[in-house]
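Worksheet: one structure, shown below.
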Protein chains: 2
Amino acid sequence: MKTMILLLSLTLSLAQAATPQVEQWGMFEVALEAQTSPNPFVGIDFDAVFTQGDESFTVPGFYDGEGVFKLRFMPNRVGTWSYVTRSNYEALNGKTGTLTCTPAGPDNHGPVGVRNQYHFGYADGTPYYPFGTTIYEWPFQSPEKQQQTLETLKSTSFNKARFLLIPPYRPEYCEGPHEIYDFPFVGTNKETFDFARFNPGYFRHLETCIQQLQDLGIEADVIIFRPYANPHWGMGEMDMATNERYLRYVIARLSAYRNVWWSMANENSFMEYLTDEDWDRLFHVVRDTDPYGHLRSIHNADRIYNHTHPWVTHVSLQYYMAVRFFGASPMLRDIYRKPIIHDEINYEGNISSRWGQLSSEEMVYRFWVGLIGGTYVTHGETNAGEDMGDGWISTGGTLKRLSPPRIAFLRQIVEEAPVDIDPIDQYFQTSLAGKAREYYLTYFGKESITEWPFILPKRGDLEDGLKFKVDVIDTWNMTITPLDEVFEIEKMGRYDFIDKDKKVISLPGKPYMALRIQRINP
Amino acid sequence: MKTMILLLSLTLSLAQAATPQVEQWGMFEVALEAQTSPNPFVGIDFDAVFTQGDESFTVPGFYDGEGVFKLRFMPNRVGTWSYVTRSNYEALNGKTGTLTCTPAGPDNHGPVGVRNQYHFGYADGTPYYPFGTTIYEWPFQSPEKQQQTLETLKSTSFNKARFLLIPPYRPEYCEGPHEIYDFPFVGTNKETFDFARFNPGYFRHLETCIQQLQDLGIEADVIIFRPYANPHWGMGEMDMATNERYLRYVIARLSAYRNVWWSMANENSFMEYLTDEDWDRLFHVVRDTDPYGHLRSIHNADRIYNHTHPWVTHVSLQYYMAVRFFGASPMLRDIYRKPIIHDEINYEGNISSRWGQLSSEEMVYRFWVGLIGGTYVTHGETNAGEDMGDGWISTGGTLKRLSPPRIAFLRQIVEEAPVDIDPIDQYFQTSLAGKAREYYLTYFGKESITEWPFILPKRGDLEDGLKFKVDVIDTWNMTITPLDEVFEIEKMGRYDFIDKDKKVISLPGKPYMALRIQRINP
């Protein structure tokens, strides 16, 4: 926990406190006690402006219960920051202070944003390649199960987790006592929920979950709205004023966590009462309220939101077909001109729903197809018969299937590459990606070929005499076998370069093979 | 020619003329003589408001040379219309008149617009299914060649033609005399073009071409800007004021032709000096100036314009890969939520460029793949060594290859269908389309199967006891073979219905086969 908490009693002079310190992209918290109205969640404007030189952030505050209002700030620059609070309530207005921002620690690269148009990177410039997984309801499980989930994540290489901020409806939870989890709103069921009063303890638990992921180096792709479980909870059919109040509360509480991404909803179109324009408005709230511009997207069901809107930072897509064939992902990039994450591609597993029946081979295949298309893919696993859900994607816990180490293997290849993986000749050839002239990955998918003629498409100023080394990759068995030969290219015809000695590469005649081709002369 | 021309001398009282008649969606023309400024193409505002009851159109006028200004009006309602002209030039201002609009003739269904979100229809409600071809430069050929093109079109079933309004650059045309064609601007080469003066004779010829297509029942998908031939002509690098003036002139002249569609450009991104915002602005001019709202799109090269913009009526796409596999077109529909026309899918032919080397089989295959995806496809043919271009796509003339009758065969199937062809289960099954419960087309593409088990996906309220008849379609040999058996369905498992007697359908084990399945009981 790198959070700095500063509780300011209203009777305590600010001058008495030493200047607090917080690391870059860490979290600085201000707490102010104030006895306000009967419902302090409504009608009290409270924020602060944090300033350093020409940089300033307007940071929304929130009521944290028991007479305490808080502000959380994530400084993006080393040095001294000062702040002043603003409120329509006198006790919260005009409070000032300073903090010292120290350099980021070794594992802290800041929040993730868009890099090179189609890719992602941390604020300090380090590339970030998303290899996510899906654990929709892990925060709402028993403490033991949550711990188990964290242990599992520690043992895999997933660096993004998608999960919901609104709990699932399950009948047993309506019968109380609520040992397992709480609710975002005061109340215990649809009849008693007060949608105008939040339950701070509920959100504190979510914050712990986000921090736990952060400590593991995992981005928290938090899903703000969920369509399911109507009419039981009513949380998927709140009116727009309630939606917006909830959204602002979430942003005020969570945006200073550097690993947060905003996923507006899961399968948003299943909230049929909300129009695209309603979603526009909710997006605008995030854009205008989150001081740090965390990544923003939305995940579709049958109706795809218009991800070309400028307030959508990247495409979070559910479209299974798009990772079943080469060529779809490059097209999506060309349409959206943003990073694409295939955030739901069916799940590896064995449940009776056809969206949760992928073999491990197919899951890994879809990861490679997406990756070779210049996009990213998110994992999920189901297991039939698991308590209260479909297995890992619902509850977290343990992973039982074979894709995770292969996904980790792919991640390692991507992170070792000196370039981003982009399509090279996407209108005609779609199983080849990387950066022309420098670095190529070619993936043979389900083909079981025994040789590959060394041919590169005429892209990126290829010229006679360039030399390449080749690694044969078995994506399933996770082996990388360097070849001894050097391949020197020579032009052939209008569109191709081949090895000047017409060398071919032997392959073992089984599926899921790939080649890594890297230039070796300057 | 159904155009009604009314030349009003300024000295002739309007009352003296009998009320002119024009059929619905025909063209009514007003001509006014006026001696104006040294360059009447610039600085003279001239339009007219045509009114019938609560309907009114603001119709832009244009200078047609030799002291004559014109207005062209396409009435959309039977009955009496009145009009009044407006101008900042007194001789063109305040002229009034009436016309009688008579019912449309038998082959006149009005202009084409969007129907059922993903499809097209004429203004009178008749469905229109685009089966287009590409003849970029046919208006700029010899009269004999133009006539030959029309004869060819008459013998095929293409009902849309894409062609350019700006001539190609060819060195021989710079050397004059210009026997073959003229230029849109006054002048004969880049040095002498006056981009502020149009050449009315040039446009009159284009109008003849559009009318000739209309007479054949062919929509004219006119391409307004072209990127090629810089720096020779300069017509692909005009400044935005010139672009806009040219665009307005085109709209004023052509929009009363009911068969006009606006294609803003071919391969627009090759006009690298124009930004997406420039194209937005040009689109806005069309949207705001064309009184009839003709279809509007733009055809891309390497950078795809954002077709989700509301001013784009349908997607005119160049993305070869999208018709090479099933599943891409349904995804495009889901992204754009508009009709999609794959307006360039590579061309059938034998030129040395790889974009013009499709076999006839592949061309027909791509038509079917697009069609089964709920989208439409446009044809084109190349021929190596043809004079002044790449064959049919450049110059028109004759067609030499095998796809046109097969495309006509497909068009007939589509037009006979009682439903539009839409995806049915696109997230999982992509070779089946039509309308669940009513009508299915399933296309086997390059598979050479010998039997097909009668299985329909559980979509569209299928229920036990529904009965279907089946036709076996050979898409290449253009045969339709009805089967004697009736297939009665019964549920099997969670997602499927099969024939209750487990009947399968025999197929000949060769590629390019399809089935048409139609429900026969109520």
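Only heavy atoms go into these numbers, but all of them, side chains included; no hydrogens, no water, no symmetry mates. Numbered from 1 within each chain, the chains take letters A, B, ... in sequence-line order.
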Does this structure show an ion pair linking A:Glu277 with A:Arg281, if we count only N-O contacts that are shorter than 4.0 Å?
no
Stepwise salt bridge (charged side-chain N to carboxylate O under 4.0 Å, His left out) check, A:Lys458 with A:Asp496
CA-CA 5 Å; A:Lys458 192 195 76 174; A:Asp496 297 298; over 6 Å; no
When rounded to the nearest 0.5 angstrom, what distance separates CE in B:Met264 from CG in B:Leu282?
5.0 Å
Under 4.5 Å, heavy atom to heavy atom: which of residues 428-438 of chain A reach chain B? Give them by number, or say none.
A:Phe428, A:Gln429, A:Thr430
Considering heavy atoms only, which positions within residues 314-336 of chain A lie below 4.5 Å of chain B?
A:Tyr319, A:Tyr320, A:Met321, A:Ala322, A:Arg324, A:Phe325, A:Phe326, A:Gly327, A:Ala328, A:Pro330, A:Met331, A:Leu332, A:Asp334, A:Ile335, A:Tyr336
Is B:Arg354 in contact with chain A via its backbone, its side chain, both, or neither, using a 4.5 Å heavy-atom distance?
both
I'd like to know if the side chain of B:Asn306 and the backbone of B:Thr308 have a donor-acceptor N/O pair within less than 3.5 Å.
yes
Just so I understand: if I count every heavy-atom pair under 4.5 Å between each of B:His309, B:Arg303, B:Arg337, B:His307 and chain A, which residue has the most?
B:Arg337
In terms of heavy-atom proximity below 4.5 Å to chain B, should A:Asn300 be classed as side chain, backbone, both, or neither?
neither
Specify the closest pair of heavy atoms between B:Lys338 and B:Val312, including all atoms of both residues, with the distance to one decimal.
NZ-O, 2.7 Å
Looking only at heavy atoms, which two atoms of A:Leu462 and A:Arg459 are closest? And how far apart?
CG-O, 3.5 Å
Select, from A:Trp355, A:Tyr305, A:Tyr427, the one with the greatest count of heavy-atom pairs under 4.5 Å involving chain B.
A:Tyr427
